[in-house]
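Side-chain atoms are counted along with the backbone in the values below, which use heavy atoms only and exclude waters and symmetry mates. Every number for a ligand or one of its atoms is a count from 1 in the order of the listing.
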Amino acid sequence: MSHGPRTTSAFGVWIAALLALPASATSAYVNVDIDSGDLLSAKLQGLPSNLAKLFAPESSNSPVVNASRCKVYPGDAEWPSDKAWSTLNKLSDDRLLSPTPQASACYEGPNYDPEKCEAMTATWGRSYSHMHDPIEMMSPVAQGMTCLPPNVFDSHNCTRGGFPLYVINATKPEHVQLGVNFARNTGVRLVVKNTGHDFLGKSGGKDALSIWTHWFKDIDYLEEYTDEKLGYSGPAFKAGVGVQAFEIYKAAHEKGRAVVGGEGETVGIFGGYIQGGGHSPLTSLYGTGADQVLSFEVVTADGKFVTANSTSYPDLFWAMRGGGGSTFGVATSVTVKAHPDMPTTASRFSFTSEKIGNETFWAGIRSYVDYFIPNADAGTYAYFVLIPNVWTGIFTFQMSPFFAPNKTLEQTQALLQPWFTQLNELGIQFDPNITHFDSYYEAWRSSFPLEVVQKVNATTGSRMFPRANFETEEKREELYQNLRQSSENNRVQVHFNIKAVDPANADNAVNPAWRPNILFAQQAVRWPVNASNEEILKIRQEFQTGDMQRWRDISPGAGSYLAEADRLEPNFGQAFWGDKYPRLLELKQKWDPKDVFFATTSVGSERWRVESPGNLPNENGKLCRVDQ
Ligand SMILES: Cc1cc2nc3c(=O)[nH]c(=O)nc-3n(C[C@H](O)[C@H](O)[C@H](O)COP(=O)(O)OP(=O)(O)OC[C@H]3O[C@@H](n4cnc5c(N)ncnc54)[C@H](O)[C@@H]3O)c2cc1C
Ligand SMILES: *[C@@H]1O[C@H](CO)[C@@H](O)[C@H](O)[C@H]1NC(C)=O
Ligand SMILES: *[C@@H]1O[C@H](CO)[C@@H](O)[C@H](O)[C@H]1NC(C)=O
Ligand SMILES: *[C@@H]1O[C@H](CO)[C@@H](O)[C@H](O)[C@H]1NC(C)=O
Ligand SMILES: *[C@@H]1O[C@H](CO)[C@@H](O)[C@H](O)[C@H]1NC(C)=O
Ligand SMILES: *[C@@H]1O[C@H](CO)[C@@H](O)[C@H](O)[C@H]1NC(C)=O
Ligand SMILES: *[C@@H]1O[C@H](CO)[C@@H](O)[C@H](O)[C@H]1NC(C)=O
Ligand SMILES: *[C@@H]1O[C@H](CO)[C@@H](O)[C@H](O)[C@H]1NC(C)=O
Ligand SMILES: *[C@@H]1O[C@H](CO)[C@@H](O)[C@H](O)[C@H]1NC(C)=O
Ligand SMILES: *[C@@H]1O[C@H](CO)[C@@H](O)[C@H](O)[C@H]1NC(C)=O
C-alpha cells in the first residue's frame with residue numbers, strides 16, 4: 001500500500017500489513033460471468049471463485065447478501081476477510097487507503113505530533129486544508145465531532161467516529177466499479193466522497209468503504225456538441241467529477257467561456273453540487289447547475305458503466321440532474337454547456353446598526369426587499385449576510401457581492417441607485433465599491449470571500465422564498481419581519497437573491513421550488529461549544545419547530561435546497577424535490593433496488609437510519625434499516 005505511513009496502530013497497522021499481501025489463489029479458478037462490455041472482466045478472470053464473486057457485477061447468480069438489519073460492520077461474521085480487502089486493493093491498482101483523521105496528530109498515539117497539530121489548527125477553517133484529504137468532511141457536526149484539533153474543539157480522544165474505514169482513491173471507472181460491486185456483494189456500507197463540502201455531511205459514514213472521486217480531474221473542451229432533444233448546439237466541457245470550481249472557471253476563461261458553478265472556490269461542482277441542482281452567480285441568467293448537463297458517465301448500482309444522456313438511459317439522466325448525489329450511481333464525468341465569457345460588474349459594501357440604531361438599520365433592510373424581484377429579473381445575483389451579535393446588540397449587513405454578469409458599470413449603478421438613494425435618505429452610511437471586470441472569471445475571483453468551514457457549534461437550515469413572497473407590499477413586509485425576527489433570535493443569515501428560471505425549460509429532477517425562487521435564504525442555529533448531546537438536540541429541534549417553521553409557514557409549498565440544508569428538515573422529500581419526489585422514488589427502486597447507495601436525506605433514505613450516540617443527527621453510527 002502506497003500510504004503506509006498514514007496508518008497507525010490505533011487505526012490499523014494490521015490493515016497496512018494485510019493490504020500488502022499478494023492475493024494468491026488458494027481455491028479453484030473460475031471464469032466469472034460478466035457482461036462483455038464490462039471494464040472489469042479481464043481483471044477478474046482467474047481469481048478464485050470465493051474472491052471473484054465479491055467483485056462481480058450483478059447478475060442472475062449474484063451472491064445473496066445477508067439481509068440483516070444493519071449494513072455489515074467490523075466484528076460482524078460477514079465482515080470481509082483480510083484477503084478480500086487486500087484483493088480489493090490489488091484490483092484497484094494499489095489505491096485502497098485506510099486513512100486516519102488529520103487531527104490524530106493532536107492526540108496521544110502513534111501519530112502524535114504537536115507541531116503538525118499546531119500548524120493544522122491555524123488553517124483548520126480553510127476548505128483548502130481538507131479538500132485533498134480522503135476522509136475529512138467540512139462539517140464536523142455531521143461527522144460526529146470525534147477527532148478535531150483541541151484548540152478548535154476538544155474531542156478528548158481521537159476515535160474514527162463518522163469517518164469511513166477504507167477509501168478507494170479512484171481515478172478510473174474500473175476503480176469505482178470495484179467499490180460498488182464489493183459493497184453490494186458484501187453488504188459493507190458504501191459512501192461517495194468528492195470534496196466533503198456538503199452541509200449535511202453526506203460524504204461520510206462510520207466504518208464505510210468510501211469511493212473518493214476527487215482525482216477525476218480531466219477537462220476536455222468540445223467545440224461543438226449537439227443534442228437535438230435538449231435543444232442544444234454549441235460548445236461544451238467534458239469534466240471529470242473531481243474538477244472544482246476554481247479549476248473549471250480558469251479552464252473556461254482560457255477558452256473565452258463561462259460555466260455555471262457555485263460561488264465557493266473549492267466546491268466540487270461536478271459531484272454533489274451538480275447532481276443536487278446547484279445555484280450559481282450565473283443562475284439568474286442560465287438556471288441551475290443541473291440544467292447545464294448534457295451527459296453523465298456513471299457506474300450504476302449493478303456495477304455497469306453507462307452513459308446517461310437524453311437518448312441513453314434518459315430516466316437515469318433525468319434523475320441525476322437534480323435528484324441528488326450518492327443515490328442512483330457514481331458519476332465519473334459530466335458534460336456541460338459552455339457559455340460565452342462576459343464582462344461582469346460586482347459591488348461590495350456593508351453597514352451596521354452601531355451608530356444608526358436598530359430601527360434605522362432595519363428600515364434599510366426593509367427598503368432593500370422591495371428590489372429583490374427587479375434585481376433577479378435583471379439577471380443579477382446578490383449574496384448578502386445578516387449577522388447579529390448578542391454581546392454588543394449590533395447587527396451587521398454585508399453585501400459580498402452584488403454580482404451583475406453581462407452588465408456594464410453604468411447598468412449596475414442604475415440598478416442599485418434607487419435603493420442607495422433610500423439608504424442615503426435614512427442616513428445610513430456605506431461606501432460601495434463597484435468594479436467592472438472584463439470577464440466572469442476575473443469578477444468571480446476578485447469578489448467572493450473564501451468561506452470558513454469546519455464550524456463546531458452550528459447548523460444551517462434553508463428556504464427558497466418564491467416570487468409570491470415579494471409581489472405585494474404586505475407580503476414583502478411579512479417576509480422582512482420574519483428575517484428580522486431570525487436576526488433578533490440570534491440566527492446568522494446568508495441570503496442569495498437569485499432566480500433559477502431555466503431558459504431551455506429543462507425537464508429534470510431539479511427542485512421545482514427553484515423556478516419561482518427570488519430569495520434563497522439560510523439561517524444558522526448555534527449552541528454553546530460545551531453543550532451536552534441532549535441540549536444540542538433540543539436546541540436543534542427547537543430551531544426546526546421555531547425559526548425554520550416560521551419561514552415554512554409564510555412560504556407554503558416551497559422548498560429547501562438539499563445541499564445547503566439541515567439534516568432535521570421535516571418531510572425532506574417534499575422540501576427537496578416537491579412533486580417530483582414520487583417519480584424519484586420509483587427511479588431509485590429501479591436503479592438501486594438494494595440500496596447500495598445511501599446518503600442522509602437522499603431519495604429513498606427513509607428506509608435507513610444512522611444509529612448515532614445520543615441520537616444526534618450525524619454519521620457516527622451504524623447504518624440500519626428502520627422497518628425491522
Ligand atoms: C464553502 C461552501 C460554498 C458553497 N457554495 C455553494 C454555491 O455557491 N452554490 C451551491 O449550490 N452550493 C454551494 N455549496 C454547497 C455545495 O453545493 C454542496 O456542499 C455540495 O454537496 C458539494 O458537492 P461536493 O461533491 O463538492 O461535496 P461532497 O460533500 O463530497 O459530496 C456531496 C454529495 O454528493 C455525493 N457525490 C459527490 N460526488 C459524486 C459523484 N461523482 N457521483 C455520485 N455522488 C456524488 C456525495 O456522496 C455526497 O452525498 C457550498 C458549500 C460550501 C461548504
Ligand atoms: C445473517 O446474519 C445474522 C445476524 O448476523 C446471522 O445470525 C445469520 O446466521 C446470518 N445468515 C446467513 C445466511 O448468513
Ligand atoms: C478514548 O476512546 C477509547 C475507544 O473508544 C475509549 O476506550 C477511551 O475510554 C476513550 N478515552 C477517553 C479519555 O475518552
Ligand atoms: C490519490 O491519487 C492521486 C492521483 O493519483 C494522488 O495524486 C494522491 O496523492 C492520492 N492521494 C492519496 C491520499 O493517496
Ligand atoms: C448518448 O450516449 C450514447 C452512448 O454513448 C451515444 O451513442 C449518443 O450519441 C448520445 N446522445 C447524444 C444526444 O449525444
Ligand atoms: C437592538 O436590538 C438588539 C437585539 O434585539 C438589542 O440587544 C439591542 O440592545 C438593541 N440596540 C439598541 C440600541 O436598542
Ligand atoms: C449579454 O449581453 C449581450 C449584449 O448586450 C447580449 O447580446 C446577450 O444576449 C447577453 N447574454 C445574456 C445571457 O443575457
Ligand atoms: C474595489 O474592489 C476591487 C476589486 O475587488 C479592488 O481591486 C479595489 O482595490 C477596491 N477599491 C477600493 C477603493 O477598495
Ligand atoms: C461557537 O464556537 C465558537 C468557537 O468555535 C465560539 O467562538 C462561539 O462563541 C460558540 N458559540 C456559542 C453560542 O457558544
Ligand atoms: C458550559 O460553559 C459555561 C461557561 O463556561 C458554563 O456556565 C456551563 O455550565 C457549561 N455547560 C456545561 C454543560 O458544561
Side-chain angles (χ1 to χ4, degrees), residues 124-125 127 130-131 137-139 142 148 151-153 170 176 190-205 210-214 216 240-242 244-245 258 260-286 288-290 296-299 320 324-334 339-340 342-343 379 381 383 390-391 405-408 411 448-458 460 490 494 496 498 503 520 525-531 539 561-565 597-602:
W124 194 254
S127 54
H130 305 284
M131 69 189 202
M137 311 169 214
M138 298 195 200
S139 168
L148 294 164
N151 287 338
V152 173
F153 177 87
V176 177
L190 183 68
V191 305
V192 181
K193 187 197 178 214
N194 187 23
T195 64
H197 273 79
D198 191 86
F199 279 29
L200 303 88
K202 286 181 283 187
S203 63
S210 174
I211 296 173
W212 187 30
T213 58
H214 180 65
F216 281 94
V241 290
Q244 290 164 278
V260 173
E263 52 78 23
E265 277 175 47
T266 50
V267 170
I269 64 165
F270 296 112
Y273 168 90
I274 206 157
Q275 290 185 43
H279 62 81
S280 165
L282 297 177
T283 282
S284 295
L285 291 180
Y286 295 120
T288 67
F296 288 105
E297 287 178 303
V298 192
V299 174
M320 289 184 69
S326 198
T327 306
F328 303 100
V330 183
T332 59
S333 82
V334 188
H339 300 289
M342 63 198 112
Y381 163 103
Y383 174 32
V390 280
W391 312 112
N406 214 21
K407 294 240 181 302
T408 62
Q411 288 169 326
F448 288 97
L450 180 67
E451 288 112 335
V452 174
V453 298
Q454 291 279 348
K455 294 184 188 110
V456 298
N457 54 353
T460 294
N490 193 26
V494 176
F496 299 85
I498 39 172
F520 171 54
V525 63
R526 294 173 287 178
W527 50 86
V529 257
N530 65 350
I539 289 168
Y561 170 36
L562 66 90
E564 299 183 317
F597 302 112
F598 167 89
T600 191
T601 70
S602 62

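Some N or O of Ser326 is nearer than 3.5 Å to an N or O of ligand 1, by distance alone. Looking at ligand 1, you'll find an N or O of Val192 within less than 3.5 Å of one of its N or O atoms. An N or O contact shorter than 3.5 Å links His197 to ligand 1 by distance. When only interatomic distances are considered, the shortest N/O to N/O separation between Lys193 and ligand 1 does not fall below 3.5 Å. When only interatomic distances are considered, the shortest N/O to N/O separation between Ala331 and ligand 1 falls below 3.5 Å. Residue Tyr286 has no nitrogen or oxygen atom sitting less than 3.5 Å from a nitrogen or oxygen atom of ligand 7, judged on distance alone. For a threshold of 3.5 Å applied to N or O pairs, the pair formed by Val453 and ligand 1 contains no separation below that value.
Listed here is the closest heavy atom pair of Gln454 and Met137: NE2-O, 2.8 Å. In terms of heavy atoms, Ala142 sits closest to Gly201 at CB-CA, 3.6 Å. The two residues Met320 and Val298 make their nearest non-hydrogen contact at SD-CG2, 3.7 Å. Contact detail for Val456 and Val152: the closest heavy-atom pair is CG1-CG1, 3.7 Å. Closest of all the heavy-atom pairs between Pro281 and Gly261 is CD-O, 3.4 Å. Taking each heavy atom of Glu564 and Phe520 in turn, the nearest pair found is OE1-CE2, 3.2 Å.
Those atoms of ligand 1 that come under 4.0 Å of a heavy atom in Gly268, given as number and element, are 23 (O), 24 (P), 25 (O), 26 (O). Near Gly262, the atoms of ligand 1 lying under 4.0 angstrom from a non-hydrogen atom of the residue are 7 (C), 8 (O), 9 (N). Of all atoms in ligand 1, numbered sequentially from 1 with element shown, those under 4.0 Å from a heavy atom of Gly329 are 42 (N), 43 (C). Close approach of ligand 9 to Val529 is summarised as follows: ligand atoms under 4.0 Å from at least one heavy atom of the residue are 2 (O), 14 (O). Taking every heavy atom of Asn406 and a limit of under 4.0 angstrom, the matching atoms of ligand 7 come to 1 (C), 2 (O), 3 (C), 8 (C), 10 (C), 11 (N), 12 (C), 14 (O). Here is the list of ligand 1 atoms found below 4.0 Å of a heavy atom in Phe199: 51 (C), 52 (C), 53 (C). Interface atoms of ligand 9 facing Trp527, defined by a heavy-atom separation under 4.0 Å, are 11 (N), 12 (C), 13 (C), 14 (O). Applying the 4.0 Å criterion to heavy atoms of Gly325 picks out, from ligand 1, the atoms 34 (O), 35 (C), 44 (N). Heavy-atom proximity to Lys202, at under 4.0 Å, picks out these atoms of ligand 1: 47 (O), 48 (C), 49 (O). Within ligand 1, the atoms closer than 4.0 Å to a non-hydrogen atom of Val330 are 42 (N), 43 (C), numbered from 1 in the order shown. Interface of Val241 with ligand 1, defined as ligand atoms under 4.0 Å from a residue heavy atom, comprises 41 (N).
Regarding atom 9 (N) of ligand 1, its nearest protein heavy-atom neighbour is His279 O, 2.9 Å. Looking only at heavy atoms of the protein, atom 38 (N) of ligand 1 is closest to Gly271 CA, 3.4 Å. For atom 40 (C) of ligand 1, the nearest protein heavy atom (residue, atom name, distance) is Gln275 NE2, 3.6 Å. The protein heavy-atom contact nearest to atom 5 (O) of ligand 9 is Val456 CG2, 3.7 Å. Of the protein's heavy atoms, Glu451 OE1, 3.4 Å lies nearest to atom 1 (C) of ligand 1. The protein non-hydrogen atom at the shortest distance from atom 2 (O) of ligand 9 is Asn457 ND2, 2.4 Å. Protein heavy atom in closest approach to atom 8 (O) of ligand 1: Glu263 N, 2.7 Å. In terms of protein heavy atoms, atom 21 (O) of ligand 1 is closest to Asp198 OD1, 3.1 Å.
The heavy atom nearest to atom 28 (P) of ligand 1, considering only Ala170, Gly196, Ala563, Gly272, is found in Gly196. Between atom 11 (O) of ligand 1 and the options Phe597, Tyr561, Phe598, the minimum heavy-atom separation is to Tyr561. Taking each of Tyr273, Phe328, Phe216, Tyr381 in turn, the one with a heavy atom nearest to atom 23 (O) of ligand 1 proves to be Tyr273. Here the shortest heavy-atom distance to atom 27 (O) of ligand 1, taken over Val267, Leu562, Thr195, belongs to Thr195.
Here the straight-line distance linking atom CG of Leu282 with atom CE of Met342 works out to 4.5 Å at 0.5 Å rounding. Here Arg526 contributes atom CZ and Ile539 contributes atom CD1; the two are 11.5 Å apart, rounded to the nearest 0.5 Å. In this structure, Ser326 OG and Leu190 CG are separated by 6.5 Å, a value rounded to the nearest 0.5 Å. Distance check: Thr327 OG1 to Gln275 CD gives 7.5 Å after rounding to the nearest 0.5 Å. How far CG of Asn151 is from CH2 of Trp124: 12.0 Å, rounded to the nearest 0.5 Å.
Shown here, atom 14 (O) of ligand 9 is in close reach of the protein: a heavy atom of it lies under 4.0 Å off. Put simply, atom 11 (N) of ligand 9 has protein non-hydrogen atoms near it, under 4.0 Å away.
Distances shorter than 4.0 angstrom do not occur between any heavy atom of Ser139 and any atom of ligand 1. Within the structure, ligand 1 has Glu564 among the residues with a heavy atom less than 4.0 angstrom away. Heavy-atom separations between Gly278 and ligand 1 include at least one value shorter than 4.0 Å.
The aromatic rings of Trp212 and His214 lie parallel to each other, with less than 30° between the two planes, well short of the 60° mark.
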(message) Show, in sequence, the C-alpha distance, side-chain angles and deciding distance for Asn194 and Val241, and conclude whether the side-chain contact (heavy atoms from CB on, under 4.5 Å) test is met.
(response) CA-CA 8 Å; Asn194 187 23; Val241 290; 5.6 Å; no
(message) Test side-chain contact (heavy atoms from CB on, under 4.5 Å) on Val330 and Phe597; report intermediate values, then the result.
(response) CA-CA 9 Å; Val330 183; Phe597 302 112; 3.6 Å; yes
(request) Walk me through it: do Lys202 and Thr601 pass the test side-chain contact (heavy atoms from CB on, under 4.5 Å)? (result) CA-CA 9 Å; Lys202 286 181 283 187; Thr601 70; 4.2 Å; yes
